[in-house]
Amino acid sequence: MLRGIHTVLSLVLVAVMLAAVPLAGPASAKDVVVVYTAIENEQITDYMKAINKSLPNIELKILRFSTGDISARFMAEKDNMQADVIWGVGATNMLIFKNAGLLDPYAPKGLDRIQPLFRDKANPPSWVGIDIYMSAFCFNTEVAKKHNLPAPTSWADLAKPVYKGQVVMPNPASSGTGYLSVASVLQRMGEAEGWKYLDAIHPNMAEYTKSGSKPCKDAAAGERAIGVSFEYVALEMKKKGAPVVMVLPKEGSGYEMEANALTRKGAKNPAAKQFLDWAITDEAMGLYAKYFAAVGVAGFPVPEGLPKDISKVVYPNDFDWSAKNRDRILTEWQKRYAK
């Protein structure tokens, strides 16, 4: 009888002890943050090493698309939003998202360190920039030698008949790099002359690619002589041994800014804000500065092979104009060249 009572008491004690200890599953569960990004895959891999160490409590579910695809998807999901955070997407698109009411203003910790150019003018900002990328040509010297092609130095050169079928550039409807190149031409030359120029280079185009990095990769592989892309890819292809040189057009490279934002859905997720705080830390800026000549916080060294002062090589981008006129420009572009 006593043995039975002791057994019952022991079972009760064990039950009480188990009730007092949280189950292993929920205790070790991480806070999930859904991230939409256009950052290049190899950069994401690099950044994630630091993120996993600095934010061990957070699990990032990253969906990587080209800028145009992110924009279309995010806008389509406005009534059933999936993303908590937009990370590394063009400032032009961020302005479109902001104007559509899809973002929640948020001032990440350390915002006062961010250079004025790299943030939304509102306070608190709807988006914060992290780095600048600029249009560049990848020129394959071996293909050029085979076809007796001169090295291009300017946007104007791309219209020369000698390059017929030897130029690849991104489709501005799907690629942020493609759109920045077109928008830069139209801003620099004026729309009437800008469209005449785009008409003039169209016969030389072998392809308009979906991705902003693919033209340079195609040129590096020897498929074409010239890929209109952006500077990071040009340097990467060169580092990997491809016979390419990076050309920054003398009239001025178009440029865009990769930026971060909190979505309306993410506003309810404290971990999303924690990630955005990390994304502008010195640790994060140091990572971005491995690939880009200008980042949101001043003072980081410029990667070898890039200009020390990009203000001398870029043509100014009016992001508000680019955002406001994007749909109209893409409609016109499709009508002229997507045949």
Side-chain angles (χ1 to χ4, degrees), residues 37-44 64-70 88-90 92-93 131-144 149 151-159 163 165-185 198 201-202 204-258 290-294 303 305-307 310 313-315 317 333 337:
T37 185
I39 292 172
E40 293 295 308
N41 285 316
E42 55 268 35
Q43 294 171 352
I44 293 172
R64 195 273 171 192
F65 305 101
S66 62
T67 300
D69 288 347
I70 285 178
V89 171
T92 297
N93 297 82
D131 55 61
I132 281 174
Y133 61 98
M134 52 190 174
S135 51
F137 308 158
C138 294
F139 179 62
N140 188 307
T141 54
E142 289 185 359
V143 174
L149 301 175
T153 63
S154 64
W155 289 105
D157 284 348
L158 298 189
Y163 295 120
Q166 288 292 346
V167 185
V168 185
M169 74 177 289
N171 185 325
S174 61
S175 162
T177 304
Y179 184 67
L180 80 86
S181 296
V182 170
S184 175
V185 165
L198 294 171
I201 65 171
H202 180 63
N204 290 348
M205 291 296 158
E207 183 184 3
Y208 294 105
T209 65
K210 187 173 183 178
S211 159
S213 59
K214 193 172 187 300
C216 189
K217 292 175 180 178
D218 286 352
E223 295 179 21
R224 307 294 174 195
I226 303 169
V228 179
S229 188
F230 60 104
E231 85 285 11
Y232 160 70
V233 192
L235 289 182
E236 281 299 296
M237 294 300 100
K238 189 173 181 179
K239 285 179 187 175
K240 291 179 179 179
V244 295
V245 294
M246 179 181 74
V247 177
L248 299 177
K250 64 184 181 183
E251 302 97 331
S253 295
Y255 83 91
E256 180 59 275
M257 185 182 297
E258 289 189 320
K290 289 168 59 178
Y291 304 103
F292 300 101
L306 292 180
I310 67 167
V313 298
V314 298
Y315 186 84
N317 186 357
W333 191 92
Y337 315 121

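Heavy atoms only: backbone and side chains are in, while hydrogens, waters and symmetry mates are out. All residue numbers in this chain count up from 1 along the given sequence. For clarity, every value in this text was computed on a predicted model and none was experimentally measured.
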Kindly indicate, with the supporting measurements, whether the criterion side-chain contact (heavy atoms from CB on, under 4.5 Å) is fulfilled by Ser213 and Glu40. CA-CA 9 Å; Ser213 59; Glu40 293 295 308; 3.5 Å; yes
Ser174 and Asn171: side chain donor to acceptor below 3.5 Å: no
Going through the checks in order, is the side-chain contact (heavy atoms from CB on, under 4.5 Å) test met by Tyr163 and Arg224? CA-CA 10 Å; Tyr163 295 120; Arg224 307 294 174 195; over 6 Å; no
Please list, one pair per line, the donor and acceptor atoms closer than 3.5 Å that link side chains of residues 225-253 to other protein atoms, with sequence neighbours excluded.
from	atom 1	to	atom 2	distance (Å)
Ser229	OG	Gly212	O	2.7
Glu231	OE1	Met134	N	2.8
Tyr232	OH	Glu42	OE2	3.0
Glu251	OE1	Trp155	N	2.8
Glu251	OE2	Trp155	N	3.1
Glu251	OE2	Ala156	N	3.0
Ser253	OG	Ser135	O	2.9

Please enumerate all residues that pass side chain to side chain donor-acceptor pair (under 3.5 Å) together with Thr37, with sequence neighbours excluded. none
Check Phe292 against Pro303 and note the closest heavy-atom contact, atom names and distance. O-CD, 3.4 Å
Where Val89 and Asn93 come nearest, the two heavy atoms and their spacing: CG1-CB, 4.0 Å
Regarding Glu223 and Lys217, does a basic nitrogen lie under 4.0 Å from an acidic carboxylate oxygen? no
With sequence neighbours excluded, what pairs up with Thr209 under the side-chain contact (heavy atoms from CB on, under 4.5 Å) test? Val168, Pro170, Glu207, Lys214, Pro215, Asp218
For residues 204-248, which residue pairs pass the disulfide bond (SG atoms under 2.5 Å apart) check, not counting sequence neighbours? Cys138-Cys216
Ala38 and Thr67 have their tightest heavy-atom pair at CB-OG1, 3.6 Å
Step by step, would you call Ile201 with Met169 a side-chain contact (heavy atoms from CB on, under 4.5 Å)? CA-CA 10 Å; Ile201 65 171; Met169 74 177 289; 4.2 Å; yes
Any side-chain heavy-atom pair from Tyr179 and Thr92 closer than 4.5 angstrom? yes
If you take all heavy atoms of Asn204 and Ala159, which pair is closest and at what distance? ND2-C, 3.5 Å
N/O donor-acceptor pair under 3.5 Å between Asp69 side chain and Phe65 backbone: no
Side chain of Asn140, backbone of Ala219: donor and acceptor closer than 3.5 Å? yes
Test your reading of the model: is there a side-chain donor-acceptor pair from Arg64 to the backbone of Ile39, 3.5 Å cut-off? yes
Sequence neighbours excluded, which residues qualify as ring-ring contact (aromatic ring centres under 6.0 Å, His included) partners of Tyr208? His202, Trp333
Residues forming a ring-ring contact (aromatic ring centres under 6.0 Å, His included) with Tyr255, sequence neighbours excluded: Phe319
Evaluate the side-chain hydrogen bond (donor to acceptor under 3.5 Å, both in side chains) criterion for residues Glu256 and Thr177: first the C-alpha distance (whole Å), next the side-chain angles of each, then the deciding distance (0.1 Å), finally the verdict. CA-CA 8 Å; Glu256 180 59 275; Thr177 304; over 6 Å; no
side-chain contact (heavy atoms from CB on, under 4.5 Å) assessment of Phe137 paired with Asp157: CA-CA 11 Å; Phe137 308 158; Asp157 284 348; over 6 Å; no
